[in-house]
Number of protein chains: 6
Amino acid sequence: MAEITSEIGSLIDRALAEDLGTGDPTTDSLISPTATGEAHIAAKAQGVLAGIDVALAVMKRVDKSLDTSVLLRDGTTLKPGDVVASVSGPVASILKAERTALNFLMRLSGIATETNRYVQAVDGQDARIADTRKTTPGLRSLEKYAVKVGGGQNHRQNLGDGVLIKDNHVQALRDRGLTLRGIIEQARRNVPHTLKVEVEVEDLDEVKEALDGGAEILLLDNMRPEEMAEAVALSRGRAITEASGGINLETVRSVAATGVDLISVGALTHSARALDMSLDLVSAIVANNIE
Amino acid sequence: MAEITSEIGSLIDRALAEDLGTGDPTTDSLISPTATGEAHIAAKAQGVLAGIDVALAVMKRVDKSLDTSVLLRDGTTLKPGDVVASVSGPVASILKAERTALNFLMRLSGIATETNRYVQAVDGQDARIADTRKTTPGLRSLEKYAVKVGGGQNHRQNLGDGVLIKDNHVQALRDRGLTLRGIIEQARRNVPHTLKVEVEVEDLDEVKEALDGGAEILLLDNMRPEEMAEAVALSRGRAITEASGGINLETVRSVAATGVDLISVGALTHSARALDMSLDLVSAIVANNIE
Amino acid sequence: MAEITSEIGSLIDRALAEDLGTGDPTTDSLISPTATGEAHIAAKAQGVLAGIDVALAVMKRVDKSLDTSVLLRDGTTLKPGDVVASVSGPVASILKAERTALNFLMRLSGIATETNRYVQAVDGQDARIADTRKTTPGLRSLEKYAVKVGGGQNHRQNLGDGVLIKDNHVQALRDRGLTLRGIIEQARRNVPHTLKVEVEVEDLDEVKEALDGGAEILLLDNMRPEEMAEAVALSRGRAITEASGGINLETVRSVAATGVDLISVGALTHSARALDMSLDLVSAIVANNIE
Amino acid sequence: MAEITSEIGSLIDRALAEDLGTGDPTTDSLISPTATGEAHIAAKAQGVLAGIDVALAVMKRVDKSLDTSVLLRDGTTLKPGDVVASVSGPVASILKAERTALNFLMRLSGIATETNRYVQAVDGQDARIADTRKTTPGLRSLEKYAVKVGGGQNHRQNLGDGVLIKDNHVQALRDRGLTLRGIIEQARRNVPHTLKVEVEVEDLDEVKEALDGGAEILLLDNMRPEEMAEAVALSRGRAITEASGGINLETVRSVAATGVDLISVGALTHSARALDMSLDLVSAIVANNIE
Amino acid sequence: MAEITSEIGSLIDRALAEDLGTGDPTTDSLISPTATGEAHIAAKAQGVLAGIDVALAVMKRVDKSLDTSVLLRDGTTLKPGDVVASVSGPVASILKAERTALNFLMRLSGIATETNRYVQAVDGQDARIADTRKTTPGLRSLEKYAVKVGGGQNHRQNLGDGVLIKDNHVQALRDRGLTLRGIIEQARRNVPHTLKVEVEVEDLDEVKEALDGGAEILLLDNMRPEEMAEAVALSRGRAITEASGGINLETVRSVAATGVDLISVGALTHSARALDMSLDLVSAIVANNIE
Amino acid sequence: MAEITSEIGSLIDRALAEDLGTGDPTTDSLISPTATGEAHIAAKAQGVLAGIDVALAVMKRVDKSLDTSVLLRDGTTLKPGDVVASVSGPVASILKAERTALNFLMRLSGIATETNRYVQAVDGQDARIADTRKTTPGLRSLEKYAVKVGGGQNHRQNLGDGVLIKDNHVQALRDRGLTLRGIIEQARRNVPHTLKVEVEVEDLDEVKEALDGGAEILLLDNMRPEEMAEAVALSRGRAITEASGGINLETVRSVAATGVDLISVGALTHSARALDMSLDLVSAIVANNIE
């Protein structure tokens with residue numbers, strides 16, 4: 001269940017301001033503020049639910065008097081028609097919150113669904129599916145939450161909670177004549193002792209050099225499966241291995257077969273399709289109304 | 001060109017806080033603050049560029065002393081390898097900004113690219129491709145900008161700048177015995193005179209009733225092509241027509257052939273795949289360095 | 001009733017910070033935090049009440065433990081002495097919130113009162129009284145709410161929810177040799193289809209040209225009554241007409257007599273006098289106190 | 001000259017967000033971003049200018065590339081037609097900023113103008129005209145600045161920078177049997193030593209008691225002129241005197257004649273009429289344009 | 001008791017964001033969200049308690065479902081082991097809030113404790129111990145609250161609520177040939193009438209000149225005791241006296257002996273040691289748990 | 001050099017709002033806005049400079065037209081009288097920024113100075129001095145920066161970038177019958193692979209159990225030196241060791257002698273005394289002035 005931290009509360013407020021900032025003349029012209037009713041949020045496609053607490057928090061933020069109840073929890077596998085939550089209270093408030101609530105829910109469920117496809121694809125293998133920092137600006141913590149709901153594992157939340165020496169770092173130090181090993185040793189001297197040092201490597205020579213330098217995690221970038229299997233063998237007992245680079249649903253199983261510990265996939269967060277969901281009014285009682 | 005309003009500036013700040021809020025120990029442990037260099041931002045896939053000014057604003061926000069230059073403008077059709085911008089200055093700053101800058105750029109270019117596919121698909125026809133309010137929370141104005149870059153047309157920015165009577169509104173008023181026509185008339189009495197009234201209709205009877213009620217735009221929801229063509233014929237000279245509901249790249253051309261004025265597609269913003277882009281350091285001069 | 005959106009909540013917070021940010025030494029030096037009492041908010045002049053929910057939200061924001069009750073609702077015509085709300089709980093909290101609560105209430109009631117004077121002045125005529133974008137920075141949505149409470153109609157909330165081609169737009173395009181008609185046609189090609197196109201016109205020639213260009217609303221700026229009546233006649237069935245420019249309580253009835261649909265008056269929001277209101281403590285129980 | 005502090009910068013941003021948050025389709029559909037021109041801000045009525053730096057800061061905030069120049073400084077007495085500032089650069093940016101800039105300028109100049117009327121009314125007398133805390137929520141510092149520009153004196157900025165024992169404080173302590181004198185002595189014991197203690201008094205008995213209690217300023221509330229003159233005589237050398245309560249332009253001179261040091265007038269800020277100003281495009285060069 | 005204003009609420013949110021912004025993997029990996037328990041907050045050193053309401057507000061902000069109860073109120077003299085508050089509910093929430101809650105509590109209690117040492121040191125004398133504006137950026141109101149809890153008196157909250165003419169002001173006006181007296185008279189003409197004028201003086205000549213100029217408070221800066229006693233004698237009945245400059249626990253009693261009204265000490269807020277406090281889990285019930 | 005990120009910019013803005021939010025009547029009444037001058041920031045005590053860039057950023061934030069130059073860089077050992085920076089431009093702006101600039105500078109330099117005392121105390125030994133999360137709410141990143149300037153090493157920035165299993169975690173799991181080893185293994189299964197697992201241990205049995213569980217860092221809490229030396233010996237080649245708990249300047253050298261890798265000291269940030277600094281105007285030119 002997603003915690004609605006004050007930061008997520010702010011994100012919801014901004015999303016509502018985007019959609020509702022200048023009012024909802026359609027609803028205001030038609031629906032009396034005293035009309036009450038009940039609505040269902042339901043799946044229109046198959047997938048994994050994520051973000052229902054966020055969607056309902058949107059509802060409550062528009063109108064504290066709305067009653068919301070979660071019928072299916074995050075992580076549930078949905079089929080079309082499944083009702084995941086119910087909301088009752090002022091109809092006008094429900095309609096004003098509808099789009100923003102669904103925008104969160106559809107996106108997060110889309111990510112959980114896509115993640116789960118990868119997780120299913122490596123079922124029975126040891127490799128875990130991990131996300132990246134390729135997330136939507138402003139939504140990182142929610143998107144990483146959705147990855148976990150889908151069965152994935154979170155990689156770094158941000159630059160501060162892990163060390164990852166990449167291509168560009170090495171490139172920046174190239175003309176100083178530093179070896180990869182020297183670079184790793186320099187990093188280990190300077191970074192907080194609580195962080196592991198991960199290094200991006202592209203071939204077996206770099207694998208060996210990184211291990212000798214004391215790398216604690218190897219990011220195996222765009223390697224062929226056989227090469228990757230060899231890198232895994234070299235690293236056993238010395239470093240965690242993570243495969244990365246252009247891996248998709250077709251190739252992920254063969255990558256896992258190399259024995260890597262983790263497979264990170266940017267597309268989980270940057271290219272997942274939204275999961276189609278809808279909000280449907282199931283009853284309404286109009287005490288008095290607008291003429 | 002995307003304007004970097006104070007609101008977008010805040011979004012950039014939040015995105016940077018997410019990624020860089022607690023520092024970048026990797027870069028700080030390796031790269032001297034005085035090392036300078038140049039990096040290129042380049043396409044790794046084919047598509048339409050959108051958001052390069054936002055990406056470069058991210059760079060400048062991390063470090064005002066960075067020099068940025070746009071080499072290809074938003075709207076350019078890219079092929080893999082095309083260099084779209086160059087950044088020079090402190091290498092450490094470039095690396096800290098890299099991911100956040102690319103996250104904006106890849107998402108917005110992905111939306112422009114997807115939009116453009118739909119626009120190409122109806123090439124030679126009159127229908128325009130429009131977006132919806134199904135956008136990512138917090139990114140609406142940027143995503144709608146990307147739709148325009150891709151050749152699409154913007155629908156409502158928010159609930160406040162248009163009236164759209166949908167299913168749920170009608171459902172809410174059902175037990176008061178109001179006809180669709182009565183509902184439309186009520187809306188027209190109450191909404192600001194500057195807004196047009198759009199009505200969602202599902203069959204030809206509703207089309208007629210909506211036109212009689214004075215609807216100025218009809219949202220033809222999930223209609224079969226022949227029915228849609230008839231709805232278009234009935235509406236000519238009386239209302240703008242907009243097709244909506246489950247339209248995809250395979251079906252969009254046949255929808256356009258019905259003569260509708262607009263085709264709105266939620267997937268432009270909620271399900272576009274990111275366009276792959278990278279930042280590559282092309283030179284670095286390290287005056288002094290960290291040991 | 002004004003909705004206390006998160007945006008209005010923030011405005012209240014800022015207003016309280018302005019007044020109370022560094023504490024209230026007067027109250028703190030005299031009144032024990034445990035002293036409780038009841039206060040009434042009452043009218044000191046005749047007018048239309050608007051903003052009582054905002055004023056009470058200020059009270060609750062200073063101290064959640066305060067009990068508030070609305071005795072007269074927004075829209076009520078007040079005479080001096082009418083008690084509109086009652087607040088009970090810690091006296092110190094009531095006194096700290098007093099000024100900020102009244103500042104909102106007096107301003108909004110002043111706008112509703114002024115609007116209502118115009119609405120009364122055109123009583124029995126068809127024209128509706130509308131506001132403009134000439135509102136106080138930061139208070140637009142509340143001020144437009146007060147206009148509605150006073151019986152007025154809201155014009156555009158912001159630049160985004162309507163198209164209004166004014167003098168300066170035409171002036172900017174003059175040396176390109178564009179006719180007014182050409183300008184309107186260009187706008188209609190480019191703006192979202194959900195928005196109506198309104199055009200400012202100053203004489204009958206412009207009226208004709210604007211109608212021919214497809215203007216959907218005409219802003220009749222500073223026209224003499226006879227000319228305005230003619231413009232209204234020309235526009236019948238083709239465009240909505242709106243009178244504007246230096247209209248006051250003395251002239252508004254003769255403007256309405258021309259048959260215009262709307263009369264917009266900037267002074268409703270930019271020059272309304274505050275309606276005098278007061279908060280009076282009606283009882284206090286001091287359990288223990290400060291020496 | 002008004003300082004554009006970060007707080008005022010935020011207020012400007014919020015005001016722009018209100019007006020421009022969802023874009024300006026009118027301008028965007030007509031004016032090319034590359035079209036440049038010059039506009040003048042001019043008075044349309046007689047009054048005292050205040051806020052021109054704020055208005056120009058609005059311009060710069062919309063578009064840093066705009067060139068602005070102040071032609072007449074705050075405090076200048078304006079007659080209709082006086083050009084107070086000039087702005088040049090992208091025409092589209094000028095038009096987008098216009099309304100927000102004028103909303104600040106018209107309100108602040110209105111306050112300076114109203115204040116100046118009171119200052120003129122007591123010309124030759126010793127009394128100074130002071131403002132109150134009856135300001136528009138969110139605009140206090142700017143409105144108090146405008147009062148100074150108009151020749152007035154600022155009273156407390158907020159509850160924290162002065163002690164003012166009012167009616168309601170006394171009422172709250174009544175049933176504890178405290179005398180006014182006892183209340184004042186209690187306050188003097190408890191408040192910071194840097195603050196003066198001001199007391200609201202309604203008749204001569206209260207004047208004497210307050211002076212005996214050590215009040216440093218007396219707020220003479222709604223007293224008749226003769227009584228006020230006597231209160232002033234009693235206070236000479238012992239306390240500053242301030243007249244308050246329902247004073248208007250007709251009565252202010254006779255109030256000043258009583259010899260009071262200050263006359264505070266809530267209407268300066270809560271009921272001043274805006275001073276009419278306009279922005280007029282004086283030239284435009286359209287390099288390329290929108291079709 | 002510290003009021004949790006919206007400003008302090010924001011400060012708490014920022015402090016939590018600093019510590020908890022990217023989650024708490026330790027707790028999340030070990031403690032089930034449904035495990036409940038009780039924790040005590042206890043003193044580990046001797047001192048004066050301040051900020052317990054702030055600490056508990058941190059708890060509630062992390063998780064509204066936590067039950068908190070204050071066992072000892074701010075101002076209590078603590079000995080090691082004293083339990084000051086109890087918190088019960090989800091253990092995970094308690095552990096996430098722990099550090100931030102203690103950081104507030106230890107700092108504020110440290111300030112109250114240090115202040116109280118000075119207050120005790122001048123016990124039986126008339127002088128009051130006052131704080132300064134030398135506070136931690138962002139924590140001023142809380143730190144000044146802690147000074148009051150420790151028995152101290154608050155000096156100015158900010159530059160706006162008092163006038164204090166210091167060395168640098170005099171220095172800035174020196175080459176205009178202004179005397180100290182002339183400077184004071186200028187200030188008195190220009191500042192709001194609600195504020196007292198305080199002047200920093202360094203010797204007896206300046207004392208006399210300041211008194212002649214009408215200074216209402218004298219800041220006796222770094223004077224020797226005998227000189228200070230003479231300054232106090234000269235000021236009697238004319239101005240309040242405040243000693244300042246390098247006063248410490250060893251010297252404060254002799255300073256008080258000079259008869260000054262106040263002694264201001266920057267170290268109360270800028271150099272107080274934190275008071276050691278801890279949070280200890282006293283019971284936990286784990287219904288279900290993480291594997 | 002401290003980077004002025006947008007987050008630190010916001011902190012500066014809030015600090016200025018605290019001090020300057022309602023203006024500076026002293027300066028405004030005396031110093032003309034056009035008077036210019038130069039001021040020096042100088043040390044008044046011996047210590048290590050930290051935060052000069054922050055202090056100067058405060059200056060620039062108050063007035064962009066101020067010229068600032070850093071004369072001594074962060075990390076310099078200062079003696080009384082050393083001038084560390086110079087500021088020139090409008091005198092009024094310098095005086096308004098003075099206190100806030102010094103509050104940052106004195107606190108950060110105090111932390112660097114205190115840290116450096118510990119670093120000096122273990123000179124010639126291998127142990128590094130580390131900070132904790134016991135920082136001032138809102139200032140964590142700046143305070144951790146100051147620790148680095150003083151020669152210390154940063155521990156976790158926040159809960160998210162390291163795993164540290166403490167007493168309370170173990171206590172919470174006690175009645176489930178989990179061994180310390182079981183707890184560590186559970187954590188290792190669940191936390192991101194980029195983070196090391198640190199465990200608080202109190203005696204040699206716990207040391208062994210933690211090592212067997214796979215702890216990568218041991219926090220040796222309040223151990224006697226001999227016990228600590230034995231723990232270090234057991235851990236060699238298996239885990240990093242960190243001493244913690246009540247270590248002060250007198251004891252730190254003997255702790256270091258045990259061979260621990262790190263010594264963490266909360267007092268570096270929670271109890272450092274401010275380093276005394278001053279701002280002195282060295283010249284002023286008053287073109288015109290206030291009367």
Side-chain angles (χ1 to χ4, degrees), chain E residues 11 14-15 18-31 35 37 91 95-96 98-100 103-104 106-107 133-140 158-161 163-165 168-169 171-173 175-176 183 186-187 190-192 195 270-271 273-274 279-281 284 286 289-291, chain F residues 11 14-15 18-31 35 37 91 95-96 98-100 103-104 106-107 133-140 158-161 163-165 168-169 171-176 183 186-187 190-192 195 270-271 273-274 280-281 284 286 289-291:
Chain E
L11 172 60
R14 286 192 302 272
E18 269 184 352
D19 197 42
L20 195 49
T22 54
D24 177 1
T26 310
T27 298
D28 291 344
S29 70
L30 292 172
I31 315 284
V91 170
L95 296 182
K96 288 173 183 184
E98 172 184 353
R99 185 71 265 140
T100 303
N103 283 350
F104 276 105
M106 288 171 56
R107 173 157 198 83
R133 284 165 43 244
K134 298 182 178 181
T135 55
T136 311
L139 276 75
R140 182 165 291 170
N158 54 39
L159 286 168
D161 68 357
V163 174
L164 174 41
I165 302 172
N168 274 333
H169 296 102
Q171 170 73 11
L173 297 165
D175 64 343
R176 281 187 43 228
I183 290 172
Q186 179 180 325
N190 290 328
V191 301
L195 301 177
H270 70 53
S271 294
R273 296 185 60 81
L279 178 143
D280 305 294
L281 209 56
V286 182
N289 59 262
I290 294 168
E291 294 301 331
Chain F
L11 173 58
R14 285 193 302 272
E18 269 183 354
D19 197 40
L20 196 50
T22 54
D24 178 0
T26 309
T27 299
D28 291 343
S29 69
L30 292 173
I31 315 284
V91 170
L95 295 182
K96 288 173 183 184
E98 172 184 353
R99 184 73 266 141
T100 302
N103 282 350
F104 276 104
M106 288 172 57
R107 173 157 198 85
R133 285 167 42 246
K134 299 183 178 180
T135 56
T136 309
L139 275 75
R140 183 166 290 171
N158 54 39
L159 286 168
D161 67 358
V163 173
L164 173 42
I165 301 173
N168 275 332
H169 296 103
Q171 169 74 12
L173 297 165
R174 184 147 299 171
D175 64 343
R176 283 188 42 231
I183 290 172
Q186 179 181 324
N190 290 329
V191 302
L195 301 177
H270 71 52
S271 295
R273 295 185 58 82
D280 304 296
L281 207 57
V286 182
N289 58 261
I290 294 169
E291 294 299 332

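Chain identifiers are assigned alphabetically (A, B, ...) following the order of the sequence lines, protein sequences preceding nucleic acid strands; residue numbering begins at 1 within each chain.
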* If we only count heavy atoms from C-beta on, is the F:N103 to E:T136 side-chain gap below 4.5 Å? -> no
* Structure fact -> Looking only at heavy atoms, the pair that brings F:E18 and E:R140 closest together is OE2-N, 2.9 Å
* To do: Check whether F:R107 gets within reach of chain E through its side chain, its backbone, both or neither, counting any heavy atom under 4.5 Å.
  => side chain
* To do: Pick whichever of F:G37, F:G23, F:P137, F:G138 has the most heavy-atom pairs under 4.5 Å with chain E.
  => F:P137
* Proximity breakdown for F:R14 and chain E, heavy-atom pairs closer than 4.5 Å -> side chain
* Structure fact -> Given F:A15, F:A274, F:A187, the one with more heavy-atom pairs under 4.5 angstrom with chain E than any other is F:A274
* **Heavy-atom side-chain proximity of F:N190 to E:D28 below 4.5 angstrom** => no
* Engaged part of E:L11 at the chain F interface, taking heavy atoms whose separation is under 4.5 Å -> side chain
* **Minimal non-hydrogen separation, E:P25 against F:G160, with atom names** => CD-CA, 3.7 Å
* Asked: What option among F:N168, F:D24, F:V163 has the most heavy-atom pairs under 4.5 Å with chain E?
  -> F:N168
* Asked: What distance do E:S29 atom OG and F:I165 atom CD1 have between them, rounded to the nearest 0.5 Å?
  -> 6.5 Å
* Do you know which of F:L195, F:V91, F:L164, F:D280 has the most heavy-atom pairs with chain E at a distance under 4.5 angstrom? -> F:L164
* Take F:L173 and E:L30 through the side-chain contact (heavy atoms from CB on, under 4.5 Å) test and state the conclusion after the steps. => CA-CA 8 Å; F:L173 297 165; E:L30 292 172; 4.1 Å; yes
* To do: Specify the closest pair of heavy atoms between E:H169 and F:I31, including all atoms of both residues, with the distance to one decimal.
  => O-CD1, 4.1 Å
* Between F:T100, F:L159, F:N158, which has the largest tally of heavy atom pairs under 4.5 Å with chain E? -> F:L159
* To do: State, to 0.1 Å, how close F:L281 and E:A172 come at their nearest heavy-atom pair, and which atoms those are.
  => CD2-CB, 3.5 Å
